[in-house]
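The next block holds one structure in the form of structure tokens; read it before the comments.
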Amino acid sequence: MSDNLIHSNIQDSAPSPSERAGERNELYPIFLKLHQLNVLLIGGGNVGLEKLSFLLKSSPNANVEIVATHFLPEVLALAKKHNLVTTKSKFKKKMLKKRHLVIACINDSKVSKRVYDLSKKRYLLANIADTPELCDFYLGGIVTKGNVKIAISTNGKSPTTAKRLREFFEEIIPDDINSMVENLNEYRKTLKGNFQEKVDKMNEITQVLKGKQ
């Protein structure tokens, strides 16, 4: 039973003032199994290092190939630590073959636009660093506590806000929350009855997470 099914009977919350004013983040969050996907990262400089560090912090077994004409020592060190492929070369169209995600971190707007356009022709998801209009997805702030993972997005408008929110949630979410998740998982396996009865029971015992008695 997935998390969204457990809460399937909960009504959507009322719109916030910003939503009533016509401002709303319409991005759809997903959690990718990057060890099962093929990611191309173009760029071995500071921005490339930032993006790579972000990916590997959340998904240490991510399958990534890094292409660049120059690599910072820190990029090479990360690649070695995580057994990633590094290719010293300019970007070439054939490098997009058999990819799922493309992240470009290069200081060349023409090449960046070409990477994006070629990715679109191949129906690949692409992220061109610091260019929101050339992004199919954003790398938002992430909080991880065992099996619990929270993704934070500001719709590409304020990475700093996402960072501060991440720090806030890392502080207030208890480290032992993973034990609760594991215990609930075991308890769920013991439940009897039909699907709705199981949903109702799980909702009832997790009300404490909302501060209700």
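For reference, positions follow the sequence shown, starting with 1.
- Contacts of Asp117 classified as side chain to side chain contact (heavy atoms under 4.5 Å, CB included), with partners at least two apart in sequence or in another chain: Lys113.
- Linking Ile, Leu, Val, Met, Phe, Trp and Tyr whenever their side-chain heavy atoms come within less than 4.5 Å puts Ile30 and Ile103 in one cluster.
- The shortest distance between side-chain heavy atoms of Val181 and Ser179 does not fall below 4.5 Å.
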Using a 3.5 Å cut-off and no angle test, enumerate the donor-acceptor pairs between side-chain atoms of residues 153-167 and protein atoms at least two apart in sequence or in another chain.
{"unit_1": "Ser153", "atom_1": "OG", "unit_2": "Asn25", "atom_2": "ND2", "d": "3.1"}
{"unit_1": "Ser153", "atom_1": "OG", "unit_2": "Asn155", "atom_2": "N", "d": "3.0"}
{"unit_1": "Thr154", "atom_1": "OG1", "unit_2": "Ser158", "atom_2": "N", "d": "3.0"}
{"unit_1": "Thr154", "atom_1": "OG1", "unit_2": "Ser158", "atom_2": "O", "d": "3.1"}
{"unit_1": "Ser158", "atom_1": "OG", "unit_2": "Thr161", "atom_2": "N", "d": "3.2"}
{"unit_1": "Ser158", "atom_1": "OG", "unit_2": "Thr161", "atom_2": "OG1", "d": "2.7"}
{"unit_1": "Arg164", "atom_1": "NH1", "unit_2": "Glu167", "atom_2": "OE1", "d": "2.9"}
{"unit_1": "Arg164", "atom_1": "NH1", "unit_2": "Glu167", "atom_2": "OE2", "d": "3.2"}
{"unit_1": "Arg166", "atom_1": "NH1", "unit_2": "Glu170", "atom_2": "OE1", "d": "3.4"}
{"unit_1": "Arg166", "atom_1": "NH1", "unit_2": "Glu170", "atom_2": "OE2", "d": "3.4"}

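- Annotation for Asp136: atom CG counts as buried by contact number, over 12 foreign heavy atoms lying within 6.0 Å.
- Note on Val102 and Ile66: separate hydrophobic clusters, where clusters join Ile, Leu, Val, Met, Phe, Trp and Tyr whose side-chain heavy atoms are under 4.5 Å apart, directly or indirectly.
- Taking each heavy atom of Ile142 and Ser58 in turn, the nearest pair found is CD1-OG, 3.7 Å.
- The CZ atom of Phe169 lies 6.0 Å from the CD1 atom of Ile150; values are rounded to the nearest 0.5 Å.
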Identify each donor-acceptor pair in which a side-chain atom of residues 32-54 lies under 3.5 Å from a protein atom, sequence neighbours left out, and give them as a table.
{"unit_1": "Asn38", "atom_1": "OD1", "unit_2": "Arg99", "atom_2": "NH1", "d": "3.0"}
{"unit_1": "Asn38", "atom_1": "ND2", "unit_2": "Lys98", "atom_2": "O", "d": "3.1"}
{"unit_1": "Ser53", "atom_1": "OG", "unit_2": "Leu49", "atom_2": "O", "d": "2.8"}

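- Every pair tested for salt bridge (Lys or Arg N to Asp or Glu O under 4.0 Å) that includes a residue from residues 34-44 fails, sequence neighbours excluded, so the list is empty.
- Ile106 is not connected to Leu101 by any chain of hydrophobic side-chain contacts under 4.5 Å among Ile, Leu, Val, Met, Phe, Trp and Tyr, and they are in different clusters.
- When the shell of 6.0 Å around CG of Asp130 is examined, it contains 12 or fewer heavy atoms from other residues, nucleotides or ligands.
- Val64 and Val67 sit in two unconnected hydrophobic clusters of ILVMFWY residues. Membership requires side-chain heavy atoms under 4.5 Å apart, directly or through other members.
- Between Phe137 and Leu27, every side-chain heavy-atom pair lies at or beyond the 4.5 Å cut-off.
- When every heavy atom of Thr144 is checked against every heavy atom of Gly146, the shortest pair comes out as CG2-O, 3.8 Å.
- For the atom pair Asn127 CG and Tyr138 OH, the distance stands at 8.5 Å (nearest 0.5 Å).
- Interatomic distance, Tyr116 OH to Lys121 NZ, rounded to the nearest 0.5 Å: 13.5 Å.
- Looking at every heavy atom in both residues, Ala62 comes nearest to Leu56 through CB-CD2, 4.3 Å.
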List the atom pairs, with distances to 0.1 Å, where a side-chain N or O of residues 76-97 and a protein N or O form a donor-acceptor pair under 3.5 Å, not counting sequence neighbours.
{"unit_1": "His82", "atom_1": "ND1", "unit_2": "Pro60", "atom_2": "O", "d": "2.9"}
{"unit_1": "Thr87", "atom_1": "OG1", "unit_2": "Glu65", "atom_2": "OE2", "d": "2.6"}

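- Residues Glu133 and Ile128 fail the side-chain proximity criterion, which asks for heavy atoms closer than 4.5 Å.
- Side-chain heavy atoms closer than 4.5 Å link hydrophobic residues (I, L, V, M, F, W, Y) into clusters, and following such links, even through other members, never connects Ile152 to Tyr28.
- For residues 139-149, every residue pair satisfying the salt bridge (Lys or Arg N to Asp or Glu O under 4.0 Å) rule, not counting sequence neighbours, is listed here: Lys145-Asp175.
- Taking CG from Asn147 and CE from Met180, the interatomic distance works out to 11.0 Å, rounded to the nearest 0.5 Å.
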